[in-house]
**Student:** 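The structure's right below; bear with me while I get my questions together.
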Amino acid sequence: MSPLKGIKVIELAGLAPGPFAGLLLADYGASVLRIDRPKSISGDQLTRNKTSITLDLRDKTSLNILFRLLTAADILIDPFRPGVLERLGLSPTEVLLKHNPRLIVARMTGFRRDGKYKDMAGHDINYLAVSGVLSMLGRAGEKPHAPGNILGDFAGGGAVCFQGILLALISRSHTGRGQVVEANMVDGSAYLATFPRLGEEYSPRGRSRVARTCLMFYAALVRGLGFEIGQLPKREDREQWPVLREIFTKRFKEKTRAEWEAVFDGTDACATPVLEQAELEDNGYEQRPMVHLVSTPAAPIPADQGGWSGGGLLPGDGGVDTLREWVGWEQGKDFEVRKDGAFVAIDGKSKI
């Protein structure tokens with residue numbers, strides 16, 4: 001039995017962090033229903049184990065279906081900028097939690113909802129920048145370097161939102177009541193940087209304290225490269241690091257990557273190949289859920305979705321079955337599907 005089996009999640013279609021939080025919930029057994037907009041074309045790749053229906057949230061007969069689903073749901077994922085839900089008449093505190101007091105409304109934003117940039121658009125790099133994290137990333141003496149959108153969107157965003165949802169579920173188990181979970185990528189990323197932040201006065205960019213505590217690993221690296229430590233400039237002298245870098249670069253270029261693997265495999269030199277995605281796929285690398293629960297494991301990731309492909313969930317896919325499972329509705333009796341794909345209630349079904 002999966003740990004989140006029986007948990008019902010409504011995911012309002014969005015980009016990156018919201019769908020990633022939904023993916024984590026789905027992988028661990030929750031039933032996740034994505035709400036798409038009419039005539040939408042989804043580029044979302046984070047769709048494993050999810051289903052979809054299309055709703056026109058500006059049409060009352062379609063909106064009423066959402067309200068009926070929210071009666072049965074445990075979690076709503078809101079990926080929109082501040083104010084969007086409120087303009088749709090879906091204020092979490094004034095409407096949704098009164099409609100279903102056990103509902104957990106997970107709201108995912110980039111900037112803080114109450115901060116200086118709350119009304120501005122932003123990208124992953126902006127959230128890292130104002131959190132102070134971007135200033136820590138990169139080599140000494142060079143410009144900060146952002147790691148794609150992994151740290152902001154997915155780690156500080158979607159994964160942190162997922163943790164907030166789990167905390168709210170634990171709280172609900174004690175209180176019987178849901179609540180609003182407010183996650184943002186600025187605070188999420190800043191929290192992930194707790195360790196380097198606490199040591200920042202001693203560790204400017206590219207000069208990590210970790211680098212000063214790895215002598216035994218350094219000795220294994222030097223041996224593997226064919227040197228004796230006494231032959232090289234002292235690593236404790238930062239002024240000599242550029243010289244060491246040149247020496248190591250020249251030596252590494254003397255062998256192929258495969259040859260260096262043969263040298264370092266099985267040692268404590270902390271020297272491993274930088275593998276590309278195609279290599280992992282070709283070598284049958286198995287993508288696994290992020291943490292293994294021995295008694296209640298996550299759903300296995302299918303081979304065709306093992307991190308090498310995704311998507312495939314079109315608006316409306318599997319939604320009819322989900323409505324039947326969640327609220328016992330049948331197409332043609334309780335709801336119909338408009339020409340634009342939107343689900344609408346029949347004869348006033350699912351009134352608010």
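Please read these numbers as outputs of a predicted model, since none were measured by experiment.
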**Student:** Between E279 and R257, does any side-chain N to carboxylate O distance fall below 4.0 Å?
**Tutor:**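 Between R257 and E279 there is a salt bridge, with a charged N closer than 4.0 Å to a carboxylate O.
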
**Student:** Looking at D36, T322, D317, which hits side chain to side chain donor-acceptor pair (under 3.5 Å) with S52?
**Tutor:** D36

**Student:** Say you draw a straight line from OG of S91 to NE2 of H99; how long is it, rounded to the nearest 0.5 Å?
**Tutor:**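 Those atoms lie 13.5 Å apart.
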
**Student:** Do L169 and I75 pass the side-chain contact (heavy atoms from CB on, under 4.5 Å) test, and can you show the C-alpha distance, the side-chain angles, and the key distance before you say yes or no?
**Tutor:** CA-CA 9 Å; L169 284 171; I75 299 159; 4.3 Å; yes

**Student:** Looking at T109 and F80, what are the two nearest heavy atoms and their distance?
**Tutor:**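 Heavy atoms of T109 and F80 come nearest at CG2-O, 4.0 Å.
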
**Student:** Report the C-alpha distance between R48 and L23 in whole Å, list the side-chain angles of each, state the deciding distance to 0.1 Å, and finish with yes or no for side-chain contact (heavy atoms from CB on, under 4.5 Å).
**Tutor:** CA-CA 6 Å; R48 190 168 56 235; L23 179 71; 3.5 Å; yes

**Student:** Regarding E254 and K250, does a basic nitrogen lie under 4.0 Å from an acidic carboxylate oxygen?
**Tutor:**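 No, this pair does not count.
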
**Student:** Could you tell me which non-hydrogen atom of G122 sits nearest to which non-hydrogen atom of Y127, and how far apart they are?
**Tutor:**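 Shortest heavy-atom contact: O-OH, 2.9 Å.
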
**Student:** For the pair R34 (side chain) and L313 (backbone), establish whether a donor and an acceptor sit closer than 3.5 Å, ignoring hydrogens and angles.
**Tutor:** yes

**Student:** Can you check whether F252's main-chain N or O pairs, donor with acceptor, with W260's side chain at less than 3.5 Å?
**Tutor:**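 The answer is yes, because a donor-acceptor pair under 3.5 Å joins these two groups.
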
**Student:** Please determine whether the number of non-hydrogen atoms from other residues, nucleotides or ligands lying under 6.0 Å from atom OH of Y191 exceeds 12.
**Tutor:**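 It does not: Y191 OH has 12 such atoms or fewer within range.
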
**Student:** Has the side chain of T296 got a donor or acceptor atom that lies under 3.5 Å from a matching backbone atom of S2?
**Tutor:**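 Not at all, since once roles are kept as given, no pair shorter than 3.5 Å links the two residues.
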
**Student:** Working to the nearest 0.5 angstrom, can you tell me the gap between L221 CG and D268 CG?
**Tutor:**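 The CG atom of D268 is 11.5 Å from CG of L221, to the nearest 0.5 Å.
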
**Student:** How far does CG of L96 sit from CD1 of I104, to the nearest 0.5 angstrom?
**Tutor:**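 So the CG of L96 and the CD1 of I104 are separated by 13.0 Å.
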
**Student:** Can you give me the closest heavy-atom contact between D124 and G148, atom names plus distance?
**Tutor:** OD1-O, 3.4 Å

**Student:** Is any side-chain N of the basic residue among D78 and R107 closer than 4.0 Å to the acidic one's carboxylate O?
**Tutor:** yes

**Student:** What residues, two or more places apart in sequence or in another chain, satisfy salt bridge (charged side-chain N to carboxylate O under 4.0 Å, His left out) together with E336?
**Tutor:**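 Counting only residues at least two positions away or on another chain, E336 forms no salt bridge (charged side-chain N to carboxylate O under 4.0 Å, His left out).
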
**Student:** Look at the side-chain heavy atoms of Ile, Leu, Val, Met, Phe, Trp and Tyr, link any pair under 4.5 Å apart, and say whether V105 and L25 land in one connected group.
**Tutor:** no

**Student:** May I ask you to check whether over 12 heavy atoms, not counting those of L232, lie within 6.0 Å of atom CG?
**Tutor:** yes

**Student:** By the side chain to side chain donor-acceptor pair (under 3.5 Å) test, which pairs, at least two apart or in different chains, include something from residues 8-26?
**Tutor:** E11-K50

**Student:** Taking D237 for its side chain and E239 for its backbone only, find out whether a donor-acceptor pair lies under 3.5 Å.
**Tutor:**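 Looks like yes, one N/O pair under 3.5 Å.
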
**Student:** Do other residues, nucleotides or ligands put more than 12 heavy atoms under 6.0 Å from the CG atom of L15?
**Tutor:**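 Open.
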
**Student:** Mind checking the CG-CD spacing from L225 to Q231? Nearest 0.5 Å is all I need.
**Tutor:** 11.0 Å

**Student:** Would you confirm whether R172, through its side chain, and R102, through its main-chain N or O, come within 3.5 Å as a donor-acceptor pair?
**Tutor:** yes

**Student:** Between M108 and N184, which heavy-atom pair has the shortest distance, and what is it?
**Tutor:**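 Scanning both residues, the minimum pair turns out to be CE-CA, 3.7 Å.
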
**Student:** Search all heavy atoms of G319 against all heavy atoms of L33 and return the closest pair with its distance.
**Tutor:**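 Heavy atoms only, the tightest pair is CA-CD1, 4.4 Å.
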
**Student:** Take atom CZ in R113; do more than 12 heavy atoms of anything else shown fall under 6.0 Å from it?
**Tutor:** yes

**Student:** Determine whether a donor-acceptor pair (N or O, by modelled atom type, separation under 3.5 Å) exists between the side chain of D27 and the backbone of A298.
**Tutor:**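 No; judged by distance alone, with no hydrogens or angles, the pair does not exist.
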
**Student:** Looking only at atom types and distance, does a side-chain atom of T71 sit under 3.5 Å from a main-chain N or O of F67, one as donor and one as acceptor?
**Tutor:** yes

**Student:** Above 12 or not: heavy atoms from other molecules or residues under 6.0 Å from CD of E228?
**Tutor:**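 Result for CD/E228: open.
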
**Student:** Please report the interatomic distance CZ(R68) to CG(L63), rounded to the nearest 0.5 Å.
**Tutor:** 14.5 Å

**Student:** Please name the pair of heavy atoms, one in P82 and one in R87, separated by the smallest distance, quoted to 0.1 Å.
**Tutor:**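 Taking every non-hydrogen atom into account, O-NH1, 4.3 Å.
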
**Student:** Quick one: do L103 and L88 end up in the same hydrophobic cluster if we chain Ile, Leu, Val, Met, Phe, Trp and Tyr together by side-chain heavy atoms under 4.5 Å apart?
**Tutor:**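 Linked within one cluster.
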
**Student:** State yes or no: do L137 and I150 share one hydrophobic cluster built from I, L, V, M, F, W and Y residues joined by side-chain heavy-atom distances below 4.5 Å, directly or via other members?
**Tutor:** no

**Student:** With a 6.0 Å cut-off (strictly less than), is the heavy-atom count around CZ of R288, excluding the residue itself, greater than 12?
**Tutor:** no

**Student:** Just verifying a value: how many Å separate L55 CG and L12 CG, rounded to the nearest 0.5 Å?
**Tutor:**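 Result: 9.0 Å between the selected atoms.
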
**Student:** Do side-chain atoms of S131 reach the backbone of L128 as a donor and acceptor pair under 3.5 angstrom?
**Tutor:**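 Answer holds: yes.
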
**Student:** Membership question, hydrophobic clusters at under 4.5 Å side-chain separation (ILVMFWY): are F154 and I125 in the same one?
**Tutor:**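 They do not share one cluster, since no chain of ILVMFWY contacts under 4.5 Å joins I125 to F154.
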
**Student:** Taking atom CZ of R251 as the centre, report whether more than 12 heavy atoms of other residues, nucleotides or ligands fall under 6.0 Å from it.
**Tutor:**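 Atom CZ in R251 is packed in, count exceeds 12.
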
**Student:** Is the backbone of H123 close enough, under 3.5 Å, to the side chain of N126 for a donor and an acceptor to pair up by distance?
**Tutor:**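 Yes, because the side chain of N126 sits within donor-acceptor range (under 3.5 Å) of the backbone of H123.
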
**Student:** Look only at the side chain of T249 and the backbone of R245, and say whether a donor-acceptor pair between them is shorter than 3.5 Å.
**Tutor:** yes

